[in-house]
Protein chains: 2
Amino acid sequence: MTETDPTQIKGFDRARQAAARALTEDYVEMISDLAAEFGEARITDLAARLGVAHPTATKAVARLKREGLAISRPYRGVFLTEEGEALAETVRARHRVVVALLRAVGVPEEVAELDAEGIEHHVSSRTLAAFEAYLNRKTD
Amino acid sequence: MTETDPTQIKGFDRARQAAARALTEDYVEMISDLAAEFGEARITDLAARLGVAHPTATKAVARLKREGLAISRPYRGVFLTEEGEALAETVRARHRVVVALLRAVGVPEEVAELDAEGIEHHVSSRTLAAFEAYLNRKTD
DNA sequence: CCAAATTTGTAGCCAAAGCTACATTTCGCT
DNA sequence: AGCGAAATGTAGCTTTGGCTACAAATTTGG
Ligand SMILES: [Mn+2]
Ligand SMILES: [Mn+2]
Ligand SMILES: [Mn+2]
Ligand SMILES: [Mn+2]
């Protein structure tokens, strides 16, 4: 083979890392949402909203706790640490921008919401900045 | 909890399915690229370009064969079936549209290429259609 | 206040996708 | 032709993220 394009390898590597972070991001955002609505996030509610069995949610929460993003006691709700809440804010903001960008280029509301749930995790900070700039230009 | 928004669940489910397809899509596209360049795709080249160890590529190819997307004999190159080639075409086309859309809204070339590698797998056919329409409008 | 329903925890299974280490085959070159 | 290098295969380990089944705790309604 000839030389291998380093940009391409980097792209695949980036996609893999993003995929690895995706679960964490979605759980943290959801816990934050539930906390805002009900004051706390219950395992059952997390599982229901994410569409998984409850042991799957339990396992994910265990990882969040291990990573210092959440805390919880047995049979009680799950709460975000400061770090977790900060991440949630970032993720929520990015989610909104991605949906807005999709809407702005003509993607139907419903579809935009569905696709954004996956796309968001692969939008880098530089792409996000470009999206925001575009939306500002368009709004003015 | 109150009722659970079915759209949201659907979004997470869709993202999970897309993530599951992502590997297949990238491998098939890459095999097609290598076939165009060298006449065949070797395991070593696949591994090098995707940035993984060679047994990882071997395992992925085994799955493609299982799924009827590729064929190969021991110690020889990997080739796509008709179905595999068709998928490769679709994936390649979508990849190009995603990069073009990102560029069109102001994402720098290099960044667009990196992010597209992950984003592409979460772009549904309806969103793709919207992207194409937008690009056509903008070009005219 | 207690029994039933709900929620949560835990055990253990599976598949996917990565890795290293080592065996085998093929290729390139003298 | 044969030897060393390169490519490929294979074994086996790890982590992650799903799942079901069942046990234990908590909450609720009569
Ligand atoms: Mn998401
Ligand atoms: Mn989201
Ligand atoms: Mn890709
Ligand atoms: Mn691609």
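Here is how names work: the chains are called A, B, and so on, in the same order as the sequence lines, proteins then strands, and each is numbered from 1.
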What is the distance, rounded to the nearest whole Å, between atom [atom1] of [X] and atom [atom2] of [N]?
X	N	atom1	atom2	result
B/Arg21	C/dA16	CZ	C1'	16 Å
A/Lys59	C/dT10	NZ	C1'	10 Å
B/Ile43	C/dC27	CD1	P	15 Å
A/Lys65	C/dG9	NZ	P	8 Å
B/Tyr27	C/dG18	OH	C1'	9 Å

Inset, instruction - Tell me whether B/Leu102 is reachable from B/Val99 by hopping between hydrophobic residues (I, L, V, M, F, W, Y) whose side-chain heavy atoms are closer than 4.5 Å. - result: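 The answer is no; the residues belong to distinct hydrophobic clusters.
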Inset, instruction - Flag the pair A/Arg49 and A/Glu29 as a salt bridge only when some basic side-chain nitrogen lies within less than 4.0 angstrom of an acidic carboxylate oxygen. - result: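 Salt bridge flag = no for A/Glu29 with A/Arg49.
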Legend entry - Salt bridge flag under 4.0 Å for residues A/Glu25 and A/Arg94: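 Between A/Arg94 and A/Glu25 there is a salt bridge, with a charged N closer than 4.0 Å to a carboxylate O.
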Inset, instruction - Considering only heavy atoms of chain A and a distance under 4.0 Å, specify the first and last nucleotide of DNA chain D in 5' to 3' order that meet this criterion. - result: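 Range of nucleotides within reach of chain A: D/dG17 to D/dT27.
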Inset, instruction - Using a 4.0 Å heavy-atom cut-off across all strands, classify B/Pro55 as base, sugar-phosphate, or nothing. - result: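 Base: the residue B/Pro55, judged by heavy atoms under 4.0 Å, touches a nucleobase.
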Legend entry - A/His54 over C/dT8, stacked by centroid distance under 5.5 Å, angle under 30°: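 Stack criterion met.
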Inset, instruction - Using heavy atoms to find the nearest nucleotide of DNA chain C for A/Gly77 and A/Arg16 separately, return the residue whose nucleotide is more 5′. - result: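 Between the two, 5'-proximity favours A/Gly77.
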Legend entry - 5′-ward residue of the pair B/Val52/B/Glu67 relative to DNA chain C: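 The residue mapped nearer the 5' terminus is B/Glu67.
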Inset, instruction - Nearest 0.5 Å please: distance from the CZ atom of B/Arg73 over to the CZ atom of B/Phe79. - result: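 The distance works out to 8.5 Å.
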Legend entry - Side-chain N or O of B/Arg76 closer than 4.0 Å to phosphate OP1/OP2 of C/dC27: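 Checking C/dC27 against B/Arg76, a side-chain N or O does come within under 4.0 Å of OP1 or OP2.
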Inset, instruction - Would you mind telling me which of C/dG12, C/dG18, C/dG9 lies closest to the side-chain atoms of B/Thr56? - result: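 Closest of the options to the side chain of B/Thr56: C/dG18.
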Inset, instruction - Go through the steps for A/Asp13 and A/Arg16 under the test salt bridge (Lys or Arg N to Asp or Glu O under 4.0 Å), then give the verdict. - result: CA-CA 5 Å; A/Asp13 197 62; A/Arg16 278 191 291 266; 3.8 Å; yes
Inset, instruction - Could you check A/Thr24 against A/Tyr75 and say which one's nearest nucleotide on DNA chain D is further toward the 5' end? - result: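 The answer here is A/Thr24.
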Inset, instruction - May I ask you to decide if A/His122's main-chain N or O and A/Arg21's side chain share a donor-acceptor pair within less than 3.5 Å? - result: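 Side chain of A/Arg21 to backbone of A/His122, a donor-acceptor pair under 3.5 Å: no, none is there.
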Legend entry - Flag side-chain contact, heavy atom, 4.5 Å: B/Thr24 against B/Glu67: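 They are in side-chain contact.
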